[in-house]
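First comes the structure, then the notes that go with it.
Here the structure is a predicted model, which is why all the values come from computation and not from measurement.
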Amino acid sequence: IGEAIAKSSTYKNSSSVTWDSQIDEALISVEETARRGREIKTGLMDLDDRFSFYRSNTVIVGAPTSHGKTAFLIKCLTIPALKKGMKVIYECLEDYHVLPYKFASALYGVPLSWYTRYELASEPQRRRVNETLELTKGYKDRLTVVSDMDMSSFERLVTKVQPDVIILDYLQKYVEGFFDEGSKREACGKVTSQFQNIARKAHCYSAIASQVRRREISKIDKSNNIGILRRPSLSDLKESGDIENYADSVLLLWWPWKDVSEDSSLKYDKGRYCIQVAKDKLGPGGDLEVRFEGETLNFKDRYSIATPS
């Protein structure tokens, strides 16, 4: 701000530069300096150039059912936060019992099926599973996982634990458990607002997983039996009320291709994966493509993967 005052005297006779503009510029610089180094990076270089998690900011991660919302929140928010020594509260409303396995899988690169189909795993695979589950206990004092907790109880828990990160996975499932059928759309907005207020009061990073409608095929490449799926947009969140208005940032996740051949057992090309920074108050936004390895819940930069010629 002192620099702005000094600059203002230089430009006092200039009609193109005003005192207000100098102050505004200085305040933006102060805010950027305060944020620098305090964000949580996702670990994806392309995405980190456009987006980061910040304290008191609420991020909505939207995707259709079974399109990687939980995997993203674990790999790109929960694990980076824990590795920084932060405390995380994760409210999981679906497949609650599987979440510890997903966490271990994403953290140590072990296929999720080794955990969920333990009885079918080989003896070396079982040893690796047991070893990784034992290792994850080292994070137990900083990772609190809850389920079916209403917002009032959740706020009391946040006050008690004083976490750095809070996550709600996912919004529509939460609303189904606590609101009547006729008020779900309005309830989504209400819950998002409540969650945002809790995050701001506690000055923590926060993210909400939200379901969006499934992608429609916009074009078919018959020679390769590939359907090109429609790119999602913020309007896809409107079915869940005005939750976008409460969010500081919105990420939309989707697979861009779908195998449409009749004899194919692969429904989506799950390696190629798209992330859209649809809304971000602090970044440029835009689309990018990454690699998603669903078996180990692992995301990688597109160019870091060797592709066959």
Side-chain angles (χ1 to χ4, degrees), residues 40 53 55-63 65-66 68-108 112 115-116 132-180 183-184 187-211 240 243 246-248 251 297:
I40 296 178
F53 292 97
R55 286 190 183 274
S56 300
N57 278 13
T58 298
V59 179
I60 290 179
V61 178
T65 303
S66 302
K69 296 185 294 294
T70 300
F72 182 85
L73 289 172
I74 291 174
K75 184 67 178 180
C76 297
L77 177 55
T78 304
I79 290 177
L82 291 172
K83 287 184 175 180
K84 280 177 171 278
M86 297 179 176
K87 291 190 288 186
V88 179
I89 296 180
Y90 197 120
E91 178 155 14
C92 180
L93 280 302
E94 188 173 52
D95 296 332
Y96 172 80
H97 65 288
V98 181
L99 192 69
Y101 301 148
K102 290 183 176 181
F103 175 68
S105 176
L107 188 58
Y108 298 109
L112 183 61
Y115 299 92
T116 57
T132 56
L133 289 176
E134 188 66 28
L135 288 171
T136 59
K137 291 180 180 179
Y139 294 94
K140 189 175 181 181
D141 61 332
R142 288 185 280 117
L143 176 61
T144 303
V145 180
V146 298
S147 183
D148 298 324
M149 182 175 283
D150 63 73
M151 277 296 133
S152 297
S153 301
F154 187 81
E155 185 170 12
R156 287 194 293 271
L157 178 65
V158 169
T159 302
K160 177 182 177 181
V161 175
Q162 296 185 344
D164 300 282
V165 180
I166 57 174
I167 298 170
L168 177 62
D169 184 9
Y170 62 94
L171 177 62
Q172 287 75 14
K173 200 71 177 179
Y174 177 91
V175 167
E176 284 179 8
F178 292 98
F179 292 87
D180 297 331
S183 61
K184 283 183 181 179
C188 285
K190 181 179 180 180
V191 171
T192 302
S193 177
Q194 289 175 333
F195 193 81
Q196 183 187 54
N197 289 335
I198 292 171
R200 288 182 174 174
K201 185 177 179 180
H203 190 51
C204 51
Y205 306 86
S206 64
I208 300 174
S210 177
Q211 185 174 319
S240 300
I243 61 174
Y246 296 106
D248 297 285
L251 302 180
L297 281 72

For Ala247, which residues count as a side-chain contact (heavy atoms from CB on, under 4.5 Å) partner, sequence neighbours excluded?
-> Ile60, Val250
Value for NZ (Lys69) from CG (Leu251), rounded to nearest 0.5 Å, stands at 13.0 Å
Partners meeting side-chain hydrogen bond (donor to acceptor under 3.5 Å, both in side chains) with Ser206 (sequence neighbours left out) = Thr58
Pairwise salt bridge (Lys or Arg N to Asp or Glu O under 4.0 Å) hits with a residue in residues 92-103, at least two apart | none
Atom CG in Leu168, atom CE in Met149: separation rounded to 0.5 Å?
-> 12.0 Å
Considering only heavy atoms from C-beta outward, does the side chain of Pro80 approach that of Lys84 to under 4.5 Å?
-> no
side-chain hydrogen bond (donor to acceptor under 3.5 Å, both in side chains) partners of Asp150, counting only residues at least two apart | Ser153
Are the side chains of Asn197 and Met151 in touch, meaning some heavy atoms are under 4.5 Å apart?
-> no
When rounded to the nearest 0.5 angstrom, what is the spacing between CG in Asp148 and CG in Leu93?
-> 6.0 Å
Heavy-atom nearest pair, Leu112 first then Ser105, reads N-OG, 3.6 Å
Listing, residues 157-165 side-chain donor-acceptor contacts under 3.5 Å, not counting sequence neighbours, or none:
residue: Thr159; atom: OG1; partner: Glu155; partner atom: O; Å: 3.0
residue: Asp164; atom: OD1; partner: Arg55; partner atom: NH2; Å: 2.9
residue: Asp164; atom: OD2; partner: Lys87; partner atom: N; Å: 2.9

Partners meeting side-chain hydrogen bond (donor to acceptor under 3.5 Å, both in side chains) with Thr70 (sequence neighbours left out) | Asp169
How would you list all residue pairs meeting ring pair (Phe, Tyr, Trp, His ring centres under 6.0 Å) that involve residues 133-173, not counting sequence neighbours?
-> Phe103-Tyr139, Phe154-Phe195
More than 12 heavy atoms of other groups within 6.0 Å of Tyr101 OH = no
By side-chain contact (heavy atoms from CB on, under 4.5 Å), which residues pair with Phe53, not counting sequence neighbours?
-> Ile40, Thr42, Phe51, Val59, Phe72, Leu77, Tyr205, Ala207
Name all residues meeting the side-chain hydrogen bond (donor to acceptor under 3.5 Å, both in side chains) criterion together with Tyr174; count only those two or more places apart in sequence or in a different chain, and write none if there are none.
-> none
Which heavy atom in Lys75 sits nearest to a heavy atom in Ile79, and how many Å separate them?
-> O-CB, 4.1 Å
Quick check: does any side chain N or O of Ser193 sit under 3.5 Å from a backbone N or O of Gly189, one acting as donor and the other as acceptor?
-> no
Donor-acceptor list for residues 140-147 side chains, cut-off 3.5 Å, not counting sequence neighbours:
residue: Arg142; atom: NH1; partner: Leu82; partner atom: O; Å: 2.5
residue: Ser147; atom: OG; partner: Cys92; partner atom: O; Å: 2.9

Could you tell me whether the side chain of Ser56 and the main chain of His203 form a donor-acceptor pair under 3.5 Å?
-> no
Flag side-chain contact, heavy atom, 4.5 Å: Thr132 against Leu107 = no
Applying salt bridge (Lys or Arg N to Asp or Glu O under 4.0 Å) to Arg200 and not counting sequence neighbours gives Asp248
With sequence neighbours left out, the residues meeting side-chain contact (heavy atoms from CB on, under 4.5 Å) with Leu135 are Tyr108, Glu131
